Trainee: 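Quick one: structure below, then a few questions.
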Amino acid sequence: MERDFLEKQGLNADQIKAVMAQNGKETNALRDDYDRKLASLNDQIDGYKSQVTDRDKQIKSLSTAAKDNEELRAKFAEVEKANKEKDKEWSSKLASQKKEFAISSALSKAGALENKAVLPFIDTGKVSLDENGNLLGFQEQVDAAKQNYGFLFKKDEPAEPQKPATHVVVSGNGTSEVPQDPSKMTLQQQNELYKEDPSRWSQLFRKKQ
């Protein structure tokens, strides 16, 4: 969140500091949760790779020994079939975990107060993950959840309306519209008055001194 954006919304320095601090906490929490889940997922992937490597060594060993042995050939075929089934199981489990992780991260970004509370209202069967890791069909699901169960999501607090600045207007005949008390004028108003009507500025501020 940009400080300039908050200033344009009319927030004062203390309000901006509070908003930035809270936004920083939420962003760090999301990043920590993302890093933790990603690390866990990578650990599982490494584990699968290690198992596949050991399996391939086993297959190679059996293949060499089974060349002239019918019993070993049958054993090799059995192991190969079992490994193919495990491959499918691992691939399916890994794809499911990636999808769950992507949905969880997307729910956090969508403002869910508690992902576990929102998940029952998300039809994950209608959500898929493309080859680039993008969720398909998720936005429709979360929009429907927000509409029907809005209390499960963070409320978007409207920004405070920006107060219009009071400008010093100097007319061509030398009359000026200024606050009766010069101390209530902003520095910008003082500068504008000084540039446009130095004599009027002098009257006000020298009199004040």
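Bear in mind that the values here come from a model prediction, so they are computed numbers and not experimental data. Just the heavy atoms: all of them, side chains too, but no hydrogens, waters or symmetry mates, feed the values below.
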Trainee: Of the options K98, E100, K99, which is the one that meets S96 in a side-chain contact (heavy atoms from CB on, under 4.5 Å)?
Mentor: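 The option that passes is E100.
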Trainee: Minimum heavy-atom separation for L152 and A117, please, with both atom names.
Mentor: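 For L152 and A117, the tightest heavy-atom pair comes out as CD1-O, 3.8 Å.
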Trainee: Starting at CG of N83, measure out to CD of E85 and round the result to the nearest 0.5 Å.
Mentor: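 Here the interatomic distance stands at 9.5 Å.
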Trainee: Once rounded to the nearest 0.5 Å, what's the spacing between atom NZ of K116 and atom CG of L107?
Mentor: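 Rounded to the nearest 0.5 Å, the NZ-CG separation comes out at 13.0 Å.
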Trainee: What's the separation between atom CD1 in I103 and atom CG in N115, rounded to the nearest 0.5 Å?
Mentor: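 Taking CD1 in I103 and CG in N115, the distance rounds to 10.5 Å.
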Trainee: Are L129 and W90 connected, step by step, through hydrophobic side chains (Ile, Leu, Val, Met, Phe, Trp, Tyr) whose heavy atoms are closer than 4.5 Å?
Mentor: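 No, because L129 and W90 fall into different hydrophobic clusters, even though each may have its own neighbours under 4.5 Å.
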Trainee: Quick check: does any side chain N or O of S105 sit under 3.5 Å from a backbone N or O of F101, one acting as donor and the other as acceptor?
Mentor: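 Yes, the answer is positive, given that a donor and an acceptor are paired below the 3.5 Å cut-off.
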Trainee: Quick one: list whatever passes side-chain contact (heavy atoms from CB on, under 4.5 Å) with S91, sequence neighbours left out.
Mentor: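 For S91, no residue satisfies side-chain contact (heavy atoms from CB on, under 4.5 Å) once neighbours in sequence are set aside.
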Trainee: Determine all donor-acceptor pairs shorter than 3.5 Å in which one atom belongs to a side chain in residues 133-141; sequence neighbours excluded.
Mentor:
unit_1 : atom_1 : unit_2 : atom_2 : d
N134   : ND2    : D130   : OD2    : 3.3
Q139   : NE2    : D143   : OD1    : 2.9
Q141   : OE1    : D123   : N      : 2.8

Trainee: Under the side-chain contact (heavy atoms from CB on, under 4.5 Å) criterion, do L113 and K154 qualify, and how do the steps go?
Mentor: CA-CA 6 Å; L113 294 173; K154 296 177 182 177; 3.5 Å; yes
